[in-house]
Number of protein chains: 2
Amino acid sequence: MQAPSSQYEVTWLIRRLFRAMAQLADNYLRAHGLAAADRAVLEFLYPDETLAVPEIASRNQVSRQHIQVTVNALLEDGFLQSRPNPRHKRSPLFALTHVGRELFRKIRAAETELLNQLFADIPADDIECTRRTLQAMYFHNLAQGDTHESD
Amino acid sequence: MQAPSSQYEVTWLIRRLFRAMAQLADNYLRAHGLAAADRAVLEFLYPDETLAVPEIASRNQVSRQHIQVTVNALLEDGFLQSRPNPRHKRSPLFALTHVGRELFRKIRAAETELLNQLFADIPADDIECTRRTLQAMYFHNLAQGDTHESD
DNA sequence: GCAATATTGACAAATTACTTGTCAATATTG
DNA sequence: CAATATTGACAAGTAATTTGTCAATATTGC
């Protein structure tokens, strides 16, 4: 029958790659006792951001309750520290501790290894073109689909 | 601090786009009473494949029990039909019915609408370059990470 | 053919990764 | 300062999927 369009294939590949990447990343994260949600929080704070729980949640488009639990656990494990929030006295800001920053740096380094394999033999120009295109897709998407609140 | 590499950004965007796309697709699928897993099965069979449950599962990298349940439901709803499997008498092959094929065609058409918005203003060359790059990534990935069985 | 081994479908329970609901405490704002 | 909103904590619910188990039946190696 008709060949699928390039557009369709791009979205198909995004779906497949996401799953494949998630599996690779999960294997690695598990070795450090982290879940994907933990990694996401660390990423939002790396290297020097300070954010409150509700703000991390809204940037990550997940419920604040979920991020609350994740942040509490990371705090307990010594990867995060809290500081007073000038904008809201009940909702402290969180930042990486030195240990947390080192942890995420290591995670990134390991991921970079995987990335280098994943991108082996792909010309830099193609990677840059892909980045530009996906970014445009992402912003198109946001422009039309980012008008929902919760809670 | 240091700017993230293009490689890293590409994978970041894949993660973000996957989630955004999943949300868009889910809204549409729900209207047809389907879940993402149903769509995946229909896609594997569209337009004229015939596959047994364990084979769909292995291609989709999910457990055969999960696909079994999904296929049973689609069969009950009249979207699939079974035929004898020459390679295994207990494990019939499944194919789309006419209704099932029409359903998936409609899903695809609706998705194409969304895709056209998502890709609006992106040059065809960039889309093609992106497709080529993602495909290369996907095959790199498969080449190294496809050696695990289950069950 | 026939025995040993493997595969399959069915079902149940467990797991993961969240969301939603609720509430009291405390903030912010008008 | 009173009305309203936000936050953190906790509980319960949900969706999608995995894992475990089993009996039935296939396939295979001899």
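We name chains A, B, ... by the order of the sequence lines, and we start the count at 1 in each one. What you see is a predicted model; the values in this text were computed from it and never measured.
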Paired nucleotide for C:dT29 [Watson-Crick or G-U wobble; both distances under 3.5 Å]: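 C:dT29 is paired with D:dA2.
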Candidates [options] - which lies nearest the side chain of [X]:
X: A:S91; options: D:dA16, C:dA17, D:dG8; answer: D:dG8
X: B:H88; options: C:dG9, C:dC18, C:dT7; answer: C:dT7
X: B:N72; options: C:dA10, C:dA27, D:dT27; answer: C:dA10
X: B:A37; options: D:dT17, C:dA17, C:dT28; answer: D:dT17

Send over the distance from [X] [atom1] to [N] [atom2], rounded to a whole Å.
X: A:L51; N: D:dG8; atom1: CG; atom2: P; answer: 13 Å
X: A:R39; N: C:dT16; atom1: CZ; atom2: P; answer: 20 Å
X: A:Q68; N: D:dA11; atom1: CD; atom2: C1'; answer: 15 Å
X: A:Q61; N: C:dT19; atom1: CD; atom2: P; answer: 10 Å
X: A:I67; N: D:dT6; atom1: CD1; atom2: P; answer: 18 Å
X: B:L29; N: D:dA16; atom1: CG; atom2: C1'; answer: 14 Å
X: A:N85; N: D:dG8; atom1: CG; atom2: C1'; answer: 14 Å
X: A:R30; N: C:dA17; atom1: CZ; atom2: C1'; answer: 11 Å

Within the modelled atom types, does a donor on one side and an acceptor on the other bring the side chain of B:Q65 and the base of D:dG20 under 3.5 Å apart? yes
Need to verify one output field. Residue with the more 5' nearest nucleotide on DNA chain C, A:R90 or B:R90?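 Result: B:R90.
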Judged by each residue's nearest nucleotide on DNA chain C, which is more toward the 5′ side, A:K89 or B:R64? B:R64
Contact class for B:H66 (heavy atom, under 4.0 Å): base, sugar-phosphate, or nothing?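 Contact class for B:H66: base.
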By the 4.0 Å heavy-atom rule, please label A:V53 as base, sugar-phosphate, or nothing. sugar-phosphate
Could [X] and [Y] be called an ion pair, given the rule that one side-chain N must be under 4.0 Å from one carboxylate O?
X: A:E111; Y: A:K106; answer: no
X: A:E55; Y: A:R59; answer: yes
X: A:R15; Y: B:E43; answer: yes

Given DNA chain D, 5'-ward residue of the pair A:A52 and A:R19, judged by closest heavy atom: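 Of the two residues, A:A52 wins.
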Pair B:R108-A:Y8, side-chain donor/acceptor within less than 3.5 Å: yes
If only atom types and distance count, is the side chain of A:R131 paired as donor or acceptor with the main-chain N or O of B:S6 below 3.5 Å? no
